[in-house]
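Take a look at the structure below.
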Amino acid sequence: MFCVDVAINLPVKSLFKQFTYSVPETMGFLDSGWRVVVPFGVQKTEGFVVRRREMPENTAQLKAVEAVLGDRPWFDAEMLATAKWLAEYYMCSLAEAMRLFVPGKTSIRRQAVKDGDGRLLYYRYEERLKAKNVLAYRINAAGRELLAAGSGKRALQRQLEALKVFAEAATWLSLQEAAERSLSSSTVRTLLKKGLLDESKKRVLRNSYTGELRCVTQMQLTEEQEVALAQIRAALEKSAGGTFLLQGITGSGKTEIYLRAAQQVLQQGKQVLVLVPEIALTAQLVKRFQTWFGDEVAVAHSKLSQNERGDVWYKMRTEQARVLIGVRSAVFAPFAKLGLVIIDEEHESSYKQEERPNYHARNVALQRCRNTGAVLILGSATPDVETYQKACTGEYTHLRLTKRANGSELPKVEIVDMRQELQQRNFSVLSRKLKQALVNTAADGEQAIVLLNRRGFSTFVMCRDCGASIVCPHCSVAMVYHSSNEDMRCHYCGNTMPIPTECPSCHSRRIKFFGTGTQKAEQEIMAQPEVRVLRMDQDSTVAKFAHADILSRFAKGEYNVLIGTQMVAKGHDIPNVTLVGVLSADSMLNLPDFRASERTFSLLTQAAGRAGRGSRQGHVIFQAYDADNQIIHLAARQDYEAFAARELADRKELFYPPFAQLLKLTVWDEKEEAALTLAQRTANYLQSLQLQGKLEEDVLILGPFPALVAKVRDLYRFNILVKAKNLQPVKDALLNSEFKELRNLYFDVDPLSVI
Ligand code: ADP
Ligand code: ZN
Ligand code: ZN
């Protein structure tokens, strides 16, 4: 007799502890990693077995495990270890960490079973994700006999040939697989009827990858590429892990290296995970992987249904696919044999989950690689300076690609001072230089991209008389004008309002639109001769895969200018683009956040990298009001090393990552007073620990201070920031206190922003 400790899969923050259940005799195989259904309170719910142990003495009140989900443990030892690490590192419960590994976060569905009169009889719990079973066929003894005997009869000749195909396959073939071998379903059915084949519901595992390339023109790698690839190959051969920073300028051929490394891993019979920041923007990357590896490639993105995601996960677990390309959450897929993880654009902020648990996919990947011995490749033109630092100190192997692979030159970048434009009475959002360049580009039959740096490019609704802007009643931010529906929208809570006819503060009727949104910039650009503009922003990309559609329409040349926010700057390679313009290149720099410079530098560099990827040199124009700003000049020179040196020096002086670890605590409440009181109590608790000498001396406890957007959806928010060389004692103290279970206190370990 034994019992199991179970983490209850309920999204309740206070469920930190595990519960013990007895195990019925029929479930003697139960061990850690299985998903089960257990009674919990008045309901039944999903749980994860985290330990199997001897039955304790006092067993009278133990409830029993009700049912087992699936035909094998969902968590293998490696996944379990990663989940445990995640819970500790990111300060969440084990169940919260474990449910990240389950597609849709829960694997059971409750169904009410009613009698004929509609009265509730009981609830049935069933597995929500069902794997599709395929009927498959295999030659049997009678079939073999007939095949061996042969036959003179003409009519039987075709059937014999079909049987031969089955004999050669020597395994179960689904109808589809039979069709791939030119056997029609009616042929299969005839053989089945004659008793020459066996039929089974068994799942069909595909033949292993042969290492053949499919219609790929093998290009000669550049010397830099060869050098980088050789080091990765050596690590893969040893199968002893290793982390690489592949730092290569845009267009330097990083993807070619990913493909070749992946190929080697497949030849070793192992699997590859490729993480991308946003699937819609990476259609080109997916296509390249599919060209190389065909249907070994599975894709997981946020728009898959839960069942589809379940199937993708199942494919990885059962090795029916061996390359998974996906966004952040794909880092939790169950791999049978993980050999390599590639994180493309590793500096992107979308790898961090901005809700509980606030994990960073790069950190999780690092952990999984450590636990499995897989190799990790972090690729970027502008690495996160924290990653860069680790590469410089030798913790990661630093690989560099400094030249564009196809020999094209980096673009020429100019900075235009918008204050001077104003002085010359040019009130347009377009400088005269950019306007002219757009017209010239269109006239030459080439294409341009115009990036609006989002902040500062929303159109606010303001009163001319008192200067008040219209603020969302639920959030402390200005409402943004949208011309598509002639209304105002809150970008934090989605609330919409008609445009008021008079000012809510002073009742003046002189309401004005202030600022330039994408839509207004679009109109100004459209007014230029020969210019056909396509817009890509949140409004135009609500539909599924709208990004990819817009990009492919642009790539086809139907339009000559693509205008939009951040998303136009990333991940695509359109050779005919020779001009890139950035409006308000400096607008993000004024944010009071320690990553503002890094974000600006990387966005500008990425944007500039879109120009001149074909045979003609690109031209880039950065428009800025603060045209002397050093960051903008470094981005114009595409000088990452100089930027990183400067940024790391600043971070060191100001005690920010990678020199300090950060923990952000956010407290919220409907009442401002209550939020502040709790925030103060939390800060006081930490301070008292420090006074008692329980925290190290260099720990800094800052705040509470109101969040930059102090109110969102009617909740007031206050932040406390903890900085430390080593956060562990702070985490331990909080996890051993009443604070860990408070509903309206939120821990963000390694926050992306501190505001
Ligand atoms: P990155 O991922 O670094 O932006 P890519 O791998 O997409 O770069 O390569 C950029 C372009 O250069 C692509 O069109 C690619 O086909 C081409 N390319 C890559 N490596 C080579 C090479 N060794 N020789 C010629 N062209 C190359
Ligand atoms: Zn007013
Ligand atoms: Zn709002």
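Starting from 1, each residue takes its place in the sequence as its number. Only this structure's heavy atoms are used, side chains among them; waters, hydrogens and symmetry mates stay out. For ligands, and for the atoms within them, numbers begin at 1 and follow the listed sequence.
At a heavy-atom distance under 4.0 Å, only side-chain atoms of Gln225, from C-beta outward, approach ligand 1. When non-hydrogen atoms are compared, ligand 1 lies under 4.0 Å from the backbone of Lys254 as well as from its side chain. Heavy atoms of Glu345 found under 4.0 angstrom from ligand 1: none, in either backbone or side chain.
The protein heavy-atom contact nearest to atom 13 (C) of ligand 1 is Asp573 OD2, 3.8 Å. For atom 2 (O) of ligand 1, the nearest non-hydrogen atom of the protein is Thr255 OG1, 2.7 Å. For atom 27 (C) of ligand 1, the closest non-hydrogen atom on the protein side is Met219 SD, 3.2 Å. For atom 8 (O) of ligand 1, the closest non-hydrogen atom on the protein side is Gly253 N, 3.0 Å. Closest protein heavy atom to atom 12 (O) of ligand 1: Ala405 CB, 4.0 Å.
Checked by atom type, the side-chain pair Asn363/Tyr351 shows no donor-acceptor distance below 3.5 Å. Tyr559 and Arg553 are linked by a side-chain donor-acceptor pair at a separation below 3.5 angstrom, with hydrogens and angles left out of the test. Between the side chains of Glu224 and Ser252, no donor N or O sits under 3.5 Å from an acceptor N or O. For the residue pair Gln353/His360, the side-chain donor-acceptor check at 3.5 Å is not satisfied. For the 3.5 Å distance criterion, the side chains of Thr250 and Gln606 fail to qualify, holding no donor opposite an acceptor.
Within 6.0 Å of atom CD in Glu558, more than 12 heavy atoms from other residues, nucleotides or ligands are found, so the atom counts as buried in its surroundings. Surrounding NZ of Lys403 are at most 12 heavy atoms belonging to other residues, nucleotides or ligands under 6.0 Å away. Around CD of Glu502, the count of heavy atoms belonging to other residues, nucleotides or ligands within 6.0 Å exceeds 12. Residue Glu409 places its CD atom among 12 or fewer non-hydrogen atoms of other residues, nucleotides or ligands, all under 6.0 Å distant.
For the Zn ion (ligand 2), the nearby protein N/O/S atoms, meaning those under 2.8 Å, are Cys463 SG, Cys466 SG, Cys503 SG, Cys506 SG.
Ligand 1 has at least one atom lying under 4.0 Å from a heavy atom of Arg288. Using a 4.0 Å heavy-atom cutoff, Gly251 is listed among the residues neighbouring ligand 1.
With ligand atoms numbered from 1 in the order given, ligand 1 contributes 23 (N) to contacts under 4.0 Å with heavy atoms of Thr222. The Glu256 neighbourhood of ligand 1 comprises atoms 6 (O), 19 (C), 20 (N), with distances under 4.0 Å to a heavy atom of that residue. Atoms of ligand 1 found under 4.0 Å from any heavy atom of Leu221, numbered from 1 in the order shown, are 23 (N). Atom numbering of ligand 1 starts at 1 in the shown order; those under 4.0 Å from a heavy atom of Gln220 are 22 (C), 23 (N), 24 (N).
Considering the Zn ion (ligand 3) as centre, the angle to SG of Cys472 and to SG of Cys490 is 110° (10° rounding).
The aromatic rings of His398 and Tyr388 stand perpendicular to each other, their planes meeting at an angle above 60°, with 30° marking the opposite boundary.
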Could you walk me through whether Thr387 and Glu346 pass the side chain to side chain donor-acceptor pair (under 3.5 Å) check? CA-CA 9 Å; Thr387 305; Glu346 67 90 32; 2.9 Å; yes

Working note: Asp748 + Lys352, criterion salt bridge (Lys or Arg N to Asp or Glu O under 4.0 Å); need CA distance, chi angles, decisive distance, verdict. CA-CA 11 Å; Asp748 187 354; Lys352 167 97 173 171; 2.9 Å; yes

Kindly indicate, with the supporting measurements, whether the criterion salt bridge (Lys or Arg N to Asp or Glu O under 4.0 Å) is fulfilled by Glu256 and Arg260. CA-CA 6 Å; Glu256 288 299 324; Arg260 284 167 175 77; 2.7 Å; yes

